[in-house]
There are 2 protein chains.
Amino acid sequence: MEIKNIKCPLEITHNIINGKWKISIICLLKNSVMRFNELQKALPEIQKSYLTQQLKELEEYGIVHRQAYLEVPPKVEYSLTEIGNEFLKVMDVMNRWGEYYIKHIERK
Amino acid sequence: MEIKNIKCPLEITHNIINGKWKISIICLLKNSVMRFNELQKALPEIQKSYLTQQLKELEEYGIVHRQAYLEVPPKVEYSLTEIGNEFLKVMDVMNRWGEYYIKHIERK
DNA sequence: CAGAATCCCCGTCGATACTG
DNA sequence: CAGTATCGACGGGGATTCTG
């Protein structure tokens, strides 16, 4: 995947988490290497085909590392790359603002 | 607009910037009160109707304040609320990660 | 000037079936 | 086990026209 029309760095960050399940996937891969099946069990609502697609996009963006073992039955492990781990910090800031936001609107 | 199915604060933050022009709008309102027309001129690619919609969503989320003056011709000013201003910090972190990301992929 | 209303395309996303 | 392939619904969002 080519990076399309880089307007500003903010747009890139926005694009990367664009997709219904990207954030959840990155959350799951925090501190753990997971196999395809494990991801599927952890996200029962997401279809296999779409999970595959989202993982592929994250891999192409360089956020997720895909380690395939040439075995039968096949075994594939997903983990965060270095820059993927850096992204956790961004998600942490987003999460904290979300908490602040919830408290803020509950006060009214 | 009701907050739909709050799963985690992260999802809320994600939802709020979901929409093609939300980020740009918030960027523009940083440090300035703007009229509808000014926003339109600053974002020539976005259609009026859609700009209206995006602004309304941001207002319902409490990110943007809409000040309408009962004049003829009408005059409406948009600005960031307190929590909208707090959100700028999140966008700043996203922006910095984006810069880091660009440098990171250029090195390859 | 600042919208509201309408129409419609297309990308996202879901469901099912098949494969190495 | 870990995918592909295919089809189709839905809604985001673009363009145009109308209104107070």
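Letters A, B, ... are given to chains in the order of the sequence lines, protein chains preceding strands, and every chain is numbered from 1.
Listed candidates were C:dA4, D:dC1, C:dC13. Nearest to the side chain of A:Asn37 is D:dC1.
With the end axes of the helix from C:dC1-D:dG20 to C:dG20-D:dC1 each set by five pairs, the angle from one to the other reads 50° at 10° resolution.
Ring pair A:Tyr100/A:His104 is tilted by interplanar angle, where 30° to 60° counts as tilted. A tilted orientation is assigned to the rings of B:Tyr78 and B:Phe36, their planes being inclined by 30° to 60°.
The separation between A:Gln40 atom CD and C:dG14 atom P is 14 Å, rounded to whole Å. Residue B:Leu43 contributes atom CG, which lies 14 Å from atom P of C:dA2 at whole-angstrom precision.
Both B:Pro74 and B:Gly19 lie near DNA chain D, and the one whose nearest nucleotide falls closer to the 5' end is B:Gly19. Nearest-nucleotide assignment on DNA chain C puts the 5′-proximal partner with B:Pro73, out of A:Asn18 and B:Pro73.
If you check distances only, the side chain of A:Lys48 does reach the base of D:dG3 with a donor-acceptor pair under 3.5 Å.
B:Tyr50 has a side-chain polar atom (N or O) that falls below the 4.0 Å cut-off from OP1 or OP2 of D:dG13. At C:dG3, one or more side-chain N or O atoms of B:Tyr78 fall inside 4.0 Å of OP1 or OP2 (strictly under the cut-off). Phosphate proximity of D:dG3 to A:Lys56: absent, as no side-chain N or O sits under 4.0 Å from OP1 or OP2. Contact annotation: B:Gln47 reaches the phosphate of D:dA15 (side-chain N/O to OP1 or OP2, under 4.0 Å).
Here A:His65 contributes atom NE2 and A:Thr81 contributes atom OG1; the two are 9.5 Å apart, rounded to the nearest 0.5 Å. For the atom pair A:Asn15 CG and A:Tyr61 OH, the distance stands at 4.5 Å (nearest 0.5 Å). B:Ile23 CD1 to B:Asn95 CG: the interatomic distance, rounded to the nearest 0.5 Å, is 9.5 Å.
B:Tyr69 comes within 4.0 angstrom of no nucleic acid atom, judged by non-hydrogen atoms across all strands.
Between A:Leu58 and A:Leu29 the shortest side-chain heavy-atom distance does not fall below 4.5 Å. Looking only at side-chain heavy atoms (C-beta outward), A:Thr13 and B:Tyr101 stay at 4.5 Å or farther from each other.
In this model, a donor atom of one side chain and an acceptor atom of the other lie less than 3.5 Å apart for A:Tyr50 and A:Gln54.
For DNA chain C, the residues of residues 25-36 of chain B within the heavy-atom distance limit of 4.0 Å (strictly under) are B:Arg35, B:Phe36, sorted by number.
Under a hydrophobic-cluster definition in which Ile, Leu, Val, Met, Phe, Trp and Tyr are linked whenever side-chain heavy atoms come within less than 4.5 Å, directly or via other members, A:Leu51 and A:Val33 are assigned to different clusters.
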